[in-house]
Amino acid sequence: MIRGLDPPVQALLATLFTWFLTALGAATIFLVHKTKYKDELLATSLGFAGGVMLSASYFSLLAPAAEISGIIPICGGFLLGAGFVTLADYIIGDVEKPEALYSFSKQNKKEYKRMLLLITAITVHNIPEGLAVGVAFSGKQFEPARNLAIAIGLQNFPEGLAVSLPLVASGMNKWKAFWYGQLSGMVEPLAGVIGALAISLFEPLLPWALAFAAGAMIHVVVRELVPENSWSHIIGFTIMMAMDVGLG
């Protein structure tokens, strides 16, 4: 993020920074040691992921959407996001498990679907965040756009861990779990550049995209993660809320 560069270049640099912090969060999985309490770790990590996703859905997605739009884009986008997850769940059920995800020990169909929906929801929610950064850098003020990118990047740190930790707890190799964790943030640079290049198109669609991502994430949490460890939900939510409110 260097003052004076063209908006698409600024957006690319900024969203590469946000992706880097997602990857850094995913990399913390290498600090987790092997444990015989795999079931407990899985329940705790899924609860943590659910808390992070619930908090991000409101503070990073719905609240900003409410500030720039009305009830129709928010409710419409939210319902479309939930519908997207329902459709994805149906499609996943008819598709054989990809080889990359065979690393799970004692993996069953339900567990596989839950992990894939988790990865999909967090990846989808990074798209409007990237668009928001791109749109911001197309404006006239550098500092607000830079601050937005820094805030989103710092919020992405626990999201990277929210993907990689449940994967490792399910038995996946740490390097593969890290790969999926950082991959969830790779959509942001592409979305950021597109947002900067096509601001006139994507600025009106931004509240729809934000609400869509929130609907997808909350639906995954309710369908797949709520039954897991409730205290780790609270911890994950609190960490993400503190970062969103403190950096908002």
Side-chain angles (χ1 to χ4, degrees), residues 1-26 52-53 56-70 72-74 76-78 80-81 84 119-160 163 180-217 240 243-248:
M1 294 175 281
I2 304 172
R3 190 189 296 271
L5 296 177
D6 290 337
V9 178
Q10 289 277 23
L12 177 62
L13 292 176
T15 47
L16 283 173
F17 167 76
T18 63
W19 161 78
F20 171 74
L21 287 180
T22 303
L24 199 60
V52 167
M53 291 166 70
S57 294
Y58 177 72
F59 292 101
S60 297
L61 300 171
L62 290 176
E67 291 178 359
I68 59 175
S69 187
I72 292 177
I74 295 172
F78 189 85
L80 286 172
F84 167 79
I119 295 169
T120 301
I122 291 185
T123 301
V124 164
H125 115 278
N126 282 325
I127 295 174
E129 288 189 349
L131 288 173
V133 172
V135 168
F137 274 106
S138 293
K140 296 180 179 179
Q141 295 182 312
F142 172 79
E143 286 80 6
R146 179 199 60 198
N147 293 342
L148 174 66
I150 292 173
I152 288 176
L154 292 174
Q155 293 162 16
N156 281 359
F157 184 90
E159 291 169 6
V163 173
Y180 285 112
Q182 66 81 30
L183 196 62
S184 68
M186 278 297 292
V187 294
E188 284 193 1
L190 177 61
V193 172
I194 291 173
L197 288 172
I199 181 173
S200 60
L201 173 63
F202 285 105
E203 192 169 23
L205 293 177
L206 191 55
W208 286 87
L210 290 167
F212 179 95
M217 294 223 296
M240 195 67 190
M243 298 189 79
D244 277 317
V245 174
L247 299 168

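Side chains included, hydrogens not; waters and symmetry mates left out as well; all remaining heavy atoms used. This chain uses plain numbering: 1 for the first residue, then up along the sequence. Quick caveat: nothing in here was measured; it's all calculated off a predicted structure.
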Review item, side-chain donor-acceptor pairs of residues 188-195, under 3.5 Å, at least two apart:
from : atom 1 : to   : atom 2 : distance (Å)
E188 : OE1    : T18  : OG1    : 2.4
E188 : OE1    : N156 : ND2    : 3.2
E188 : OE2    : N156 : ND2    : 3.2

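Closest heavy-atom contact between A213 and V124: CB-O, 4.2 Å. Closest approach of P128 to L206, counting heavy atoms only: O-CD1, 3.7 Å. Across all non-hydrogen atoms, the minimal contact from T120 to F84 is CG2-CE2, 3.9 Å. Closest approach of G181 to T22, counting heavy atoms only: O-CG2, 3.6 Å. When all heavy atoms are compared, the tightest approach of A11 to G134 is CB-CA, 3.8 Å. Across P73 and A211, no two heavy atoms sit closer than the pair O-CB, 3.9 Å.
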Before you tell me yes or no, could you show the steps for N126 and W19 under side-chain contact (heavy atoms from CB on, under 4.5 Å), namely the whole-Å CA-CA distance, both residues' side-chain angles and the distance that decides it to 0.1 Å? CA-CA 9 Å; N126 282 325; W19 161 78; over 6 Å; no
Give the intermediate values and the outcome of side-chain contact (heavy atoms from CB on, under 4.5 Å) for residues L183 and T123. CA-CA 8 Å; L183 196 62; T123 301; over 6 Å; no
Mind running side-chain contact (heavy atoms from CB on, under 4.5 Å) on F137 and D6 for me, showing each step along the way? CA-CA 9 Å; F137 274 106; D6 290 337; over 6 Å; no
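More than 12 heavy atoms of other residues, nucleotides or ligands sit less than 6.0 Å from atom CD1 of I68.
The CD1 atom of I127 lies 7.5 Å from the CG atom of L131; values are rounded to the nearest 0.5 Å. Distance check: L21 CG to L16 CG gives 11.5 Å after rounding to the nearest 0.5 Å. To the nearest 0.5 angstrom, L13 atom CG is 8.0 Å from T15 atom OG1.
Here the side chain of S69 pairs no donor or acceptor atom with the backbone of A66 at under 3.5 angstrom.
The ring pair (Phe, Tyr, Trp, His ring centres under 6.0 Å) test applied to F78 returns no partner, not counting sequence neighbours. Residues forming a side chain to side chain donor-acceptor pair (under 3.5 Å) with E129 (at least two apart in sequence, or on another chain): H125.
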